[in-house]
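Below: one structure, written as structure tokens.
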Amino acid sequence: MPDSLILPSESVVDRFLRYVRIDTQSQDDQATTPSTAKQWQLANLLVAELRALGADRVRVSEHCMVYAFLPSNLPAGANVPTIGFIAHIDTSPAVTGTGVNPILHPDYQGGDIVLPADPMQVITAAQNPVLATLIGDDIITTDGTTLLGSDDKAGIATIMTMVDTLMRNPALRHGPIEVAFTADEEIGVGIERFDVEGFGARFAYTVDGGTLGEISDETWSARQATVHFHGKSTHPGTAKGVMVNSIYAFADFLLQMPSDMRPETTEGRVGFVHPYIGTADVEESSVKVLLRDFDAGGLDAKERLLREIASSTAARFPGVTIDVEVKENYRNMKEVLKDHPQLTANVMEAARRAGIEPYMEPIRGGTDGSKLTFRGLPCPNIFTGGHNFHSKLEFNSRRGLEKTTETLVELVKIFAES
Ligand SMILES: [Zn+2]
């Protein structure tokens with residue numbers, strides 16, 4: 001923070017350390033939003049804290065979405081658009097979030113970081129070149145037994161600290177600001193329950209990114225296929241000429257997946273096809289497959305390929321019926337954001353004012369913003385300083401959290417100036 005500012009009532013690091021200790025893991029394939037009741041604990045805490053900070057219209061929906069509003073403090077008649085800031089409450093189902101015990105490593109001096117509760121978990125300098133830029137910083141890791149949940153409690157802590165800072169510095173001019181904290185982002189369904197109309201902003205920023213300076217206005221276009229293999233079960237003792245074992249067709253299908261089109265063999269702008277969970281049974285096998293590409297045409301081609309592989313397997317396994325269902329997860333938000341260049345230009349300038357060198361990077365994933373953008377709320381994504389999401393090796397740092405907060409404060413100032 002610039003010296004002239006009154007400090008927030010609590011540091012962003014203390015806030016962050018408090019939030020990550022609260023288990024908010026979401027869970028796939030649940031009938032309700034939120035998918036897990038434990039997300040309420042942080043949601044209710046944020047409601048109480050937003051009220052204590054003096055925010056207006058603080059509310060939480062029946063689906064565990066927290067909303068709040070900060071009125072403009074500009075002179076009457078100032079025409080500054082309402083900016084939204086969004087972060088998500090839940091953490092990934094991939095790694096446990098129960099009993100998160102954050103460890104602060106003060107004044108990092110280089111080298112590998114061994115996590116104390118499980119020495120097999122090591123954040124190595126070799127696999128994490130970003131560590132070289134964090135010398136002298138205070139690094140925040142897990143103890144090695146859980147994820148950290150910097151994704152996305154870093155987003156929540158930095159937005160809350162921005163609110164805190166703005167409330168304590170009335171001389172700091174800003175337009176109207178809407179804040180939202182969403183449930184079930186990690187399982188991709190919570191955002192369906194987001195109240196775009198009631199939110200009231202014309203555009204928003206998700207604060208859900210990684211490396212300091214990394215800003216995104218592009219995500220995957222994403223589909224998910226479910227492939228079913230129907231065979232015929234019978235007692236194996238009397239199966240001759242009767243049994244049709246769907247597991248062999250399932251295996252044949254998987255082995256035809258091109259090896260150069262996998263998450264483990266692709267990076268940058270290259271998309272992938274990813275079978276990630278399934279069941280194998282004589283009578284009925286099935287597998288779920290993620291299809292990802294930045295380009296809609298490229299995604300169509302991947303879907304065609306999957307269907308061709310299914311047909312060729314079906315031809316080799318008479319008696320096995322295969323069906324392929326494909327649904328859309330989300331689309332590349334660049335299709336819309338290309339028409340709103342000011343949103344990214346302003347956040348680039350805000351990062352520069354905070355002393356960060358900003359750059360644009362497409363996200364090999366989705367954000368709440370991918371869906372919101374297509375529902376009329378254009379939503380680029382801002383860094384949080386976090387790394388190694390959805391893993392026990394997840395980490396962030398003091399500078400990461402502080403510089404992200406500073407960027408958010410500069411961003412609202414920039415909109416008020418324009
Ligand atoms: Zn996230």
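Both ligands and their constituent atoms are indexed starting at 1 by order of listing.
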Given a cut-off of 2.8 Å, the protein N, O or S atoms lying below it from the Zn ion (ligand 1) are His88 NE2, Asp151 OD1, Asp208 OD1, Asp208 OD2
Hey, could you give me the NE2/CE distance between His174 and Met162, rounded to the nearest 0.5 Å? 8.5 Å
Under the side-chain hydrogen bond (donor to acceptor under 3.5 Å, both in side chains) test, residues paired with Glu185 that sit two or more places apart: His88
Ion pair present between Asp137 and Arg398, side-chain N to carboxylate O less than 4.0 angstrom? no
side-chain hydrogen bond (donor to acceptor under 3.5 Å, both in side chains) between Ser150 and Asn396: does it pass, once the steps are laid out? CA-CA 7 Å; Ser150 175; Asn396 203 319; 3.1 Å; yes
Taking Ser397 for the side chain and Gly400 for the main chain, is one N or O donor matched with an acceptor at less than 3.5 Å? yes
Heavy-atom count around Glu264 CD within 6.0 Å, excluding the residue itself: above 12? yes
